[in-house]
Amino acid sequence: MSVHTADIKRITTHVIQEMKNRGEKITCLTAYDYSMAGIVDAAGVELILVGDSASNVMAGHETTLPITIDQMIYHASSVVRAVKRALVVVDLPFGSYQGNSREALNSAIRIMKESGAHAVKLEGGLEIKDSVTRILSAGVPVMGHLGLTPQSIYKFGTYTVRAKQEGEAQKLIEDAKMLEEVGCFSVVLEKIPAKLTKQVSESIQIPTIGIGAGPHADGQVLVIHDLLGINKEFKPRFLRHYADLNGVMTTAITNYISDVKGRSFPNESESY
């Protein structure tokens with residue numbers, strides 16, 4: 001008898017794998033602070049990603065590159081304190097794992113020990129195999145990330161769809177199989193053709209989590225600020241706005257300003 005995910009008190013990598021095995025879609029959202037993480041967790045998503053996208057949406061940087069490991073630990077610690085059920089995955093930031101597997105291990109251990117998170121995520125394929133293997137050897141769960149890898153934006157030169165050419169598509173498939181073989185528990189596929197996502201998802205046993213990668217991934221992930229319509233400037237084709245919190249918040253703030261200036265806030269019942 002299969003157990004519904006909603007009945008599970010704590011999501012683990014084993015639970016995520018079982019979801020793929022029985023064809024249940026996996027939901028993932030980002031969170032970067034205590035208050036938002038608590039709401040996301042209580043709503044019932046299985047995975048919460050403390051993404052290096054915090055560099056963009058929380059700090060206002062143009063890319064994900066500037067964020068440091070200390071800043072990632074700060075965000076991750078805030079999220080972990082709020083989460084009671086979801087599996088919390090933290091991005092290893094740019095420069096903390098590329099080209100040096102020992103540094104990669106140290107970075108992963110710092111994040112796990114200092115934040116209390118449950119797993120880490122690394123961008124790349126064969127070129128980071130040694131780092132992934134070394135982290136896994138210490139018992140730290142690893143999520144992979146292929147396709148558009150934002151930490152490599154200056155190499156790509158654009159945020160356009162990746163792996164449309166046969167050579168790059170074949171490498172992506174091989175990288176996904178390699179990540180599975182070394183022991184990753186899942187892999188994010190970002191901004192690749194939907195048919196390639198289907199091919200990858202059917203060729204590996206571990207779950208795929210898509211963003212801008214079509215409906216055939218085993219799960220989906222979005223940045224919470226994008227989903228809620230807080231960031232109005234970001235309008236990629238793959239994004240669906242589930243709310244207009246930018247509008248709601250602007251209205252609330254302008255009403256507050258009006259009430260203060262009009263001397264109707266605070267009123268007698270709101271005073272001591």
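- A salt bridge does not link R85 with D41: none of the charged nitrogens is closer than 4.0 Å to a carboxylate oxygen.
- Atom CG of L122 sits about 11.0 Å away from atom CG of L146, to the nearest 0.5 Å.
- Of the inter-residue distances, the one linking M178 atom CE with I128 atom CD1 reads 6.5 Å to the nearest 0.5 angstrom.
- Side chain of T149 to backbone of H145: no donor-acceptor contact under 3.5 angstrom is found.
- Between S55 and T64, the side chains place no donor N or O within less than 3.5 Å of an acceptor N or O (distance only, hydrogens not considered).
- Formation of a donor-acceptor pair under 3.5 Å by the E24 side chain with backbone atoms of M19 is not found in this model.
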Walk me through it: do L227 and V223 pass the test side-chain contact (heavy atoms from CB on, under 4.5 Å)?
CA-CA 6 Å; L227 175 150; V223 171; over 6 Å; no

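- Looking only at atom types and distance, the side chain of D33 has no donor-acceptor partner in the side chain of S78 under 3.5 Å away.
- Using a 4.5 Å heavy-atom threshold, the side chains of E46 and L87 count as separate.
- Between C184 and M143, every side-chain heavy-atom pair lies at or beyond the 4.5 Å cut-off.
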Would you sort out whether S201 and T208 count as a side chain to side chain donor-acceptor pair (under 3.5 Å), showing the intermediate values?
CA-CA 6 Å; S201 300; T208 58; 2.7 Å; yes

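- Residues S77 and V80 are not in side-chain contact: their nearest non-hydrogen atoms beyond the backbone lie 4.5 Å or more apart.
- The line from CD of Q17 to CD1 of I26 is 8.0 Å long, rounded to the nearest 0.5 Å.
- Following chains of ILVMFWY side-chain contacts shorter than 4.5 Å, one can reach L136 starting from F185, so the two form part of one hydrophobic cluster.
- Contact check for T30 versus S53: side-chain heavy atoms found under the 4.5 Å cut-off.
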The test is side-chain contact (heavy atoms from CB on, under 4.5 Å); show your working for L105 and V140 and say whether it passes.
CA-CA 9 Å; L105 176 59; V140 177; 5.6 Å; no

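- Aromatic ring centres of Y32 and H225 lie closer together than 6.0 Å.
- Side chain of S258 to main chain of T254: no donor-acceptor pair is present (N/O by atom type, distance under 3.5 Å, no hydrogens or angles).
- For the pair I73/R110, a side-chain contact is recorded, criterion being any heavy-atom separation below 4.5 Å from C-beta on.
- Rounded to the nearest 0.5 angstrom, K232 NZ and T250 OG1 are separated by 7.5 Å.
- In terms of heavy-atom proximity, K164 sits nearest to P193 at CG-CG, 4.0 Å.
- Listed for the S137 side chain is a donor-acceptor partner under 3.5 Å among the backbone atoms of R134.
- A salt bridge links E127 and K171; the closest N-O separation between the charged side-chain nitrogens and carboxylate oxygens is under 4.0 Å.
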For side-chain contact (heavy atoms from CB on, under 4.5 Å), just list the numbers for I67 and F94, CA-CA rounded to whole Å, side-chain angles, deciding distance to a tenth of an Å, and then say yes or no.
CA-CA 8 Å; I67 201 163; F94 177 74; over 6 Å; no

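- Judged purely by atom type and a 3.5 angstrom limit, E270 has no side-chain atom pairing as donor or acceptor with the backbone of F265.
- Between the CG atom in N106 and the OH atom in Y97 there is a gap of 16.0 Å [rounded to 0.5 Å].
- Taken from CD1 in I192 to OG1 in T197, the straight-line distance is 3.5 Å, to the nearest 0.5 Å.
- Y74 OH: 12 or fewer foreign heavy atoms inside a 6.0 Å radius.
- Between the side chains of T68 and D70, no donor N or O sits under 3.5 Å from an acceptor N or O.
- Shown here is E166, whose CD atom has no more than 12 heavy atoms of other residues, nucleotides or ligands within 6.0 Å.
- In the hydrophobic clustering of ILVMFWY residues, with side-chain heavy atoms under 4.5 Å counting as a link, L126 and I173 come out apart.
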Given the rule in the side-chain contact (heavy atoms from CB on, under 4.5 Å) test, do L92 and I135 qualify, once you have shown the distances and angles that lead to the verdict?
CA-CA 11 Å; L92 287 189; I135 293 169; 3.9 Å; yes

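- In terms of hydrophobic clustering, with Ile, Leu, Val, Met, Phe, Trp and Tyr side chains grouped at heavy-atom distances under 4.5 Å, I253 and V248 are assigned to different clusters.
- D52 pairs with exactly one of H75, Q151, H61, Q71 by the side-chain hydrogen bond (donor to acceptor under 3.5 Å, both in side chains) rule, that one being Q151.
- Between K198 and E202 a salt bridge is recorded (basic side-chain N to carboxylate O distance below 4.0 Å).
- More than 12 heavy atoms of other residues, nucleotides or ligands sit less than 6.0 Å from atom CZ of R10.
- The number of heavy atoms from other shown groups lying within 6.0 Å of NZ (K195) does not exceed 12.
- Between D91 and V120 there is no side-chain heavy-atom pair separated by less than 4.5 Å.
- V88 and Y34 are members of different hydrophobic clusters when ILVMFWY side chains are connected at heavy-atom separations under 4.5 Å.
- The backbone N or O of A104 lies less than 3.5 Å from no partner atom in the side chain of S131, so there is not a single donor-acceptor pair.
- The two residues S115 and A76 come nearest to each other via the heavy atoms CB-CB, 3.6 Å.
- Contact between D244 and G229 at its shortest, heavy atoms only, is OD1-O, 3.9 Å.
- Residues V90 and K121 are not in side-chain contact: their nearest non-hydrogen atoms beyond the backbone lie 4.5 Å or more apart.
- Contact detail for I211 and Q220: the closest heavy-atom pair is N-OE1, 4.3 Å.
- In this structure, P150 and L65 approach most closely via the heavy-atom pair O-CD1, 3.9 Å.
- In this structure the side chain of D218 never reaches within 4.5 angstrom of the side chain of I209, judged on heavy atoms.
- Criterion: ILVMFWY side-chain heavy atoms under 4.5 Å apart, direct or through other members. Under it, L29 and L228 are part of a common hydrophobic cluster.
- Residue M112 comes nearest to A119 through the heavy atom pair SD-N, 3.8 Å, listed as atom of the first residue, atom of the second, then distance.
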